[in-house]
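The structure under discussion appears below in the form of structure tokens.
Below, chains carry the letters A, B, ... as their sequence lines are ordered, and counting in each starts from 1.
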Protein chains: 2
Amino acid sequence: MSVTIKDVAKMANVSVATVSRVLNKKSNVSDEAIKAVNDAVESLGYSPNFLGRDLRKSETRRILAIIASTEQSFYSDVIRGMEAAAYAQGYDVLIATTQNDPNHEMHLLGMLFSRAVDGAVLLGPKLDANTINALGEKHNIAMCLERLDNCNVLTVTIDNVKAGRDAVNYLIRKGHKKIGLITTLQRSQSSIDREIGYKLALKDNDIPYNEEYVYFGSYETEQGMTGCEYLMNLPSPPTAIFAISDMIAIGAMNYALSKGYRIGKDLMFMGFDNIAYSHMFVPHLSTVEQPCYAQGKLVIEKLIENMKADTPDHNLYTLSHSLVLRDSTGD
Amino acid sequence: MSVTIKDVAKMANVSVATVSRVLNKKSNVSDEAIKAVNDAVESLGYSPNFLGRDLRKSETRRILAIIASTEQSFYSDVIRGMEAAAYAQGYDVLIATTQNDPNHEMHLLGMLFSRAVDGAVLLGPKLDANTINALGEKHNIAMCLERLDNCNVLTVTIDNVKAGRDAVNYLIRKGHKKIGLITTLQRSQSSIDREIGYKLALKDNDIPYNEEYVYFGSYETEQGMTGCEYLMNLPSPPTAIFAISDMIAIGAMNYALSKGYRIGKDLMFMGFDNIAYSHMFVPHLSTVEQPCYAQGKLVIEKLIENMKADTPDHNLYTLSHSLVLRDSTGD
DNA sequence: CTATATTATGAAAACCTTTTCAATGTGACA
DNA sequence: TGTCACATTGAAAAGGTTTTCATAATATAG
């Protein structure tokens, strides 16, 4: 039905082996043969069947990036970094989404077990550390952006404890003592770590931890509003708020704005991620920036190294973050 | 090296054919054989090699979605729709990004020609209509969100001309006669169509078209600011502005806000896409909403139909949009 | 001019499945 | 008892490529 290497061989009057050699730019093939093959390929409109090729070579040169959804736009820089690193070595990056379903995440990893891809990168997995450890023993897996406790799989991330600590320390340095935290109920390790950082910063400055100042919501902006409403209705409301994501912070600021608080004066906000909207929203949001592109690039480089290595690298790499200071902290 | 169907067969004391039958849940296999095979699969940790399977069956049950980047978060609903439709029929959806490079788009389509996937959906292609037409003759291609003039490939989109016309007619009905348009220099068909709709709405109401009122920028929010600045510095500035995307509209509002315009009163804004931030930003943005999920779902359903059909459907399907009215139009 | 590298080539094996085809065994039925 | 249908099974082919191995042809060295 469809045109195969045999058809090309026949038309070019050579063997399939020769066609294969030309296609793969091997040495030891005459100029005439090269021309004959290329002409035949052209006139037949042939393109090689990757299933055959990949089966024979038992490699696909494809890497799967598994992500909850494409909604969080800050993933896009991570992916750009991943692709840059991959293309540089002749790999393609494919993205698949789990919609936060661990079963679906496992299903997608099936592509790895079944050799439909050579490796996989998990960006914020929903599976637990034990499961991932077990899979990491036998397959080329890496994690990016999000680490997992007790997980010895190659991981590239930032130090979220330190990042949270730096963010809150900055607010304290600005003169605040009553600092609210809006975080998520659904615990990713990064949000746990940022919360730990929040507590450490308080301790650094001998400010007692007050659990009333912590609101647990979800990642949606609406929850930022609700969280801010809760905090500001406390008997002694906070004067600064750290939100573990910009989405949440924007929601929170939105509420504060509607109630007439003067942001950056009466009330300061610090977000996390430095998404594009964080400096479009008025007032501009101060935030913690993490090196998305660099993390994506590094995780792919390390993963490809691992695919070639006999003893894979299962280390944790942490890149450094930085504070971006804008209106919402009065800067 | 890695465990194959042969190893399973050996351990289960059956032929590979029987193993295959068990794995594919075929009839005509004894209960003992089923048990023996399943036990062997379990204890060996076997998972079938998809390359072998796909080659034999010459189908992969995978569909590639080709997208410029994952930055525009409103793609995420389209993808959700695509996945829902795909999974319902046992297909997986893989996403790959072109970063706006037509060469890279062609490279990714190579996965289709080379049978690494069964079909492809283009969301806003950078290739021209002729090229896509040619490819569509031989392969299972569809387009979504974005149509192309003179392109007879299966397409699912909305009527962007009518959408632009409806948006601007609404502003006119609100009493405006001087209406600015912020669009993009880089012409996607949807932005061209929305501009056509803008002009038609003016004509509907006997308002002369004034090219001074049209600003050509890019998709970035910053360009929305610049565009708004340009428009408001005209000798006779517009009293309402239609932006062809919410990102641009938010940038434009941002500028207007900083200059003290009272949005929804002195100056009205209408965006496009109804992204999540459009109702987080204060004031809330009025916008045109397109059915993202439904478009994604439909395009996959039609594409899968085409893969089975002998005479493929190359029609254009248009779903309906709606106006979402909020603060920025004084609603 | 012979002996030996070197280059160019093709036949066939290998990669791992699924599926076809033929064979075996079982039970029913006359 | 003999025939037939049916369920279960395995050997082998098929799918499209790459790669190994052997061979033939040519070039190089002595």
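Rounded to a whole Å, the NZ atom of B:K25 is 16 Å from the C1' atom of C:dT18. A straight line from CG of B:D54 to P of C:dT19 spans 12 Å, rounded to a whole angstrom. At whole-Å resolution of the value, CD in A:E59 and P in C:dA14 are 21 Å apart. Protein atom CZ of B:R21 is 11 Å distant from nucleotide atom C1' of D:dA7, rounded to whole Å. In this entry the distance linking CG of B:D7 with C1' of C:dC15 reads 14 Å, nearest Å. Regarding A:F50, its CZ atom lies at a distance of 19 Å from the C1' atom of C:dC16, rounded to whole Å.
Close to C:dT9, at under 4.0 Å from its OP1 or OP2, lies no side-chain N or O of A:S15. Considering only side-chain N and O atoms, A:K26 lies under 4.0 angstrom from the phosphate OP1 or OP2 of D:dT19. Phosphate proximity of C:dT17 to B:S20: absent, as no side-chain N or O sits under 4.0 Å from OP1 or OP2. Contact check, B:Y46 against C:dC16: no side-chain N or O comes under 4.0 Å of OP1 or OP2.
Inter-residue side-chain proximity for A:I5 and A:S20 is flagged as met; some heavy-atom pair is nearer than 4.5 Å.
A:T60 contributes atom OG1, which lies 12.0 Å from atom CG of A:L55 (distance to the nearest 0.5 angstrom).
For the side-chain contact (heavy atoms from CB on, under 4.5 Å) test, residues two or more places apart in sequence or in another chain that qualify with A:S43 are A:M11. The ring-ring contact (aromatic ring centres under 6.0 Å, His included) test applied to B:H314 returns no partner, not counting sequence neighbours. In terms of the salt bridge (Lys or Arg N to Asp or Glu O under 4.0 Å) criterion, A:E137 has no residue partners (sequence neighbours excluded). Scanning for salt bridge (Lys or Arg N to Asp or Glu O under 4.0 Å) contacts around B:D273 gives an empty result, with sequence neighbours left out. In terms of the salt bridge (Lys or Arg N to Asp or Glu O under 4.0 Å) criterion, A:K10 has no residue partners (sequence neighbours excluded). In terms of the salt bridge (Lys or Arg N to Asp or Glu O under 4.0 Å) criterion, residue partners of A:K297 (sequence neighbours excluded) are, by chain and number, A:E301. Qualifying ring-ring contact (aromatic ring centres under 6.0 Å, His included) partners for A:Y87, counting only residues two or more places apart in sequence or in other chains: B:H104.
Within a heavy-atom distance below 4.0 Å of DNA chain C, the residues of residues 28-38 of chain A found are A:N28, A:V29, A:S30, A:A33.
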For residues 32-39 of chain A, please give each side-chain donor-acceptor pair under 3.5 Å, one per line with the distance, not counting sequence neighbours.
from, atom 1, to, atom 2, distance (Å)
A:K35, NZ, A:D39, OD2, 2.7
A:N38, ND2, A:I34, O, 3.3

Can you list, pair by pair, the side-chain donor-acceptor contacts under 3.5 Å of residues 139-146 of chain A, counting residues two or more places apart and other chains?
from, atom 1, to, atom 2, distance (Å)
A:N140, ND2, A:D118, O, 3.3
A:E146, OE1, A:S190, OG, 3.0
A:E146, OE2, A:Q189, N, 3.2
A:E146, OE2, A:S190, N, 2.5
A:E146, OE2, A:S190, OG, 3.1

Taking N or O atoms only and anything under 3.5 Å, show me the protein contacts with nucleotides 12-15 of chain D, one pair per line.
from, atom 1, to, atom 2, distance (Å)
D:dA14, N3, B:R56, NH1, 3.0
D:dG15, N2, B:G52, O, 3.3

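B:N24 comes within contact range of the sugar-phosphate backbone alone, with a heavy-atom separation under 4.0 Å but no base atom that close. Using a 4.0 Å heavy-atom cutoff across all strands shown, A:R115 reaches no nucleic acid atom at all.
Rounded to 10 degrees, the angle between the two end axes of the helix from C:dC1-D:dG30 to C:dA30-D:dT1 is 50°, with five pairs used at each end.
Under 3.5 Å, the side chains of A:S114 and B:R53 contain no donor-acceptor pair of N or O atoms.
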